[in-house]
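Beneath this line is the structure, given in structure tokens, with notes to follow.
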Amino acid sequence: NVEPRSVPVFPWHSLVPFLAPTQSD
Amino acid sequence: SSPSSPVALPPFFMRGSIIQLADGELKRVEDLKTEDFIQSAEISSELKIDSSTVERIDCGQSPNAVLIQFSVGELKAQVCVEVLVEYPFFVFGQGWSSCCPDRTTQLFELSCAKLCVGDVCVSLTLRSLR
């Protein structure tokens, strides 16, 4: 039996650095 | 040969990586558009998209690093990050861009433009922080 290889799926927000804390709106 | 050059870049920048948008849609990293980030942030309860303008690019402390100073959001918060020269940022309306696009393409097969002062990058902040 060959098990299907799972392909990693990454969330979209992983691609974007958190650059700054939100300042008060 | 050259000294060890650890590739500290996360695996999801490799061409062909599967990225899940906030609505569940799957796209390859090289196919992402500005709208994908905007729409994903719009339906996210935690994250808010912000624009970060590149103000300065200087040499970092290690040979392959750069210090990038951003001006973030309407309040122009000054943020400085040190990243490897091949680290890609997503520029509004343009797509992936790095300080050394040739190296990004070589390492990750990800087509990149040259990141320049004045470029406006996609960034995120947390909605809930007050």
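Model, not experiment: these values are computed from the prediction. In what follows, chains are A, B, ... by sequence order, proteins preceding strands, each numbered from 1.
- Note: B:A22 leads B:S44, B:A22, B:C80, B:P11 in heavy-atom pairs under 4.5 Å with chain A.
- In this structure, A:W12 CH2 and B:F12 CZ are separated by 13.0 Å, a value rounded to the nearest 0.5 Å.
- For residues 33-40 of chain B, heavy-atom neighbours of chain A at less than 4.5 Å comprise B:F37, B:S40, sorted by residue number.
- For B:L21, the parts sitting under 4.5 Å from any heavy atom of chain A are the backbone and the side chain alike.
- Here the CD1-NE2 distance, from B:I49 to A:H13, works out to 13.0 Å after rounding to the nearest 0.5 Å.
- Here the CZ atom belonging to B:F90 is positioned 9.5 Å from the CG atom belonging to A:L15, to the nearest 0.5 angstrom.
- Residues B:V117 and B:L115 fall within the same hydrophobic cluster, defined by Ile, Leu, Val, Met, Phe, Trp and Tyr side chains chained together at heavy-atom separations under 4.5 Å.
- When hydrophobic clusters are built by joining Ile, Leu, Val, Met, Phe, Trp and Tyr residues whose side-chain heavy atoms come closer than 4.5 Å, directly or via intermediates, B:V29 is grouped together with B:M14.
- Applying the salt bridge (Lys or Arg N to Asp or Glu O under 4.0 Å) test to pairs two or more places apart or on separate chains, none has a residue in residues 104-126 of chain B.
- Contact annotation: the side chain of B:I19 never approaches that of A:V9 to less than 4.5 Å [non-hydrogen atoms, C-beta and beyond].
- B:L26 is connected to A:V7 through a chain of hydrophobic side-chain contacts under 4.5 Å among Ile, Leu, Val, Met, Phe, Trp and Tyr, so both are in one cluster.
- Between A:V16 and B:V122, the closest heavy-atom pair is CG1-O, 3.4 Å.
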